[in-house]
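What follows is a short report on a single structure.
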Amino acid sequence: MYIVLLGPPGSGKGTQAEVLSKAFDIGHLSTGDLLRDILENKDHPLYPKVQVIKEGRLVSDEVVNQVVEDGLDKPKFKNGAIFDGYPRTPAQAAALDRMLAAQGQKIDVVIDLDVTRDVLIYRLLGRLVCPRCKRIFHKRYGLTECPDCGIELVRRGDDNEETILKRFEEYKDKTAVLQDYYKNSPAVYIRLEISDASRTAEDVQEEITERLRQHDVI
Ligand code: ADP
């Protein structure tokens, strides 16, 4: 099973991807996480090419496609993958289709998390991440340490208002066209509208499950 999650920064892709990857026993592939790992490793050959992340800009299609193709070879993707933060451009979507076609596979489901701008800003300014397991929390819950790893939660360097707005604009400019790309593809397309900041991840998860049932995916 191959699932693509669409949605602007802060739409909850990472959180939903974790749950879905366990439910379907497929790997969670977050290009943001893979690229940030490269950013922490000065010796990595792609290190200079991922520096644009710090400005809230997109890494080039060529670099990201390479990172995904290499990543998909890992055993955790043997049953499939849930893509979080990828593809972000039509060129990436086409590259992904080619990578999967080469293995006789295709994207089965697209889940589009359509979250309003106000909800996004509220979430991202309060976002805390565990540096080890990458789990995401909101500061309104008052946690300072990851309950699983016991290490201090941190804010991401690119979670400031200026960068958030730039990422949102970039998403609208480049990624929104992917909605049409996938609506015109054979994949099951599920769109969820999220305009209420108090809506929990569990709530959204339940709606996703319900919609997957309606489409006979589960
Ligand atoms: P967010 O979606 O919250 O911005 P991500 O973790 O998905 O966070 O991505 C962080 C940054 O990594 C992006 O702003 C971008 O610079 C880079 N990035 C991640 N995925 C891609 C991608 N598919 N194509 C290009 N750049 C990417």
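As the structure lists them, so they are numbered: ligands from 1, and atoms in each ligand from 1.
Closest to atom 11 (C) of ligand 1, if we only count protein heavy atoms, is Ile53 CG2, 4.0 Å. Protein heavy atom nearest atom 14 (O) of ligand 1, with residue, atom name and distance: Arg167 CD, 3.4 Å.
Heavy atoms of Val64 found under 4.0 angstrom from ligand 1 belong exclusively to the side chain. Under 4.0 Å from ligand 1, not a single heavy atom of Gln51 appears. Using a 4.0 Å cut-off between heavy atoms, Leu35 contacts ligand 1 through its side chain alone, with no backbone atom that close.
A side-chain donor-acceptor contact under 3.5 Å links Lys54 and Gln51. Looking only at atom types and distance, the side chain of Asp112 has a donor-acceptor partner in the side chain of Gln179 under 3.5 Å away.
Under a 4.0 angstrom heavy-atom cut-off, Arg36 registers as being in contact with ligand 1. Ligand 1 is never approached by Glu55 to a heavy-atom distance shorter than 4.0 Å.
Interface atoms of ligand 1 facing Gln92, defined by a heavy-atom separation under 4.0 Å, are 22 (C), 23 (N), 24 (N), 25 (C). Atoms of ligand 1 found under 4.0 Å from any heavy atom of Thr31, numbered from 1 in the order shown, are 19 (C), 20 (N), 21 (C), 23 (N). Interface of Arg156 with ligand 1, defined as ligand atoms under 4.0 Å from a residue heavy atom, comprises 1 (P), 3 (O), 4 (O), 6 (O), 8 (O), 10 (C). Within the listing of ligand 1, atoms 20 (N), 21 (C), 22 (C), 23 (N) sit less than 4.0 angstrom from a heavy atom of Gly85.
Between Lys13, Lys134, Arg88, Lys54, it is Arg88 that holds the heavy atom closest to atom 9 (O) of ligand 1.
A continuous path of Ile, Leu, Val, Met, Phe, Trp and Tyr side chains, each step under 4.5 Å between heavy atoms, connects Ile38 with Ile53, placing both in one hydrophobic cluster.
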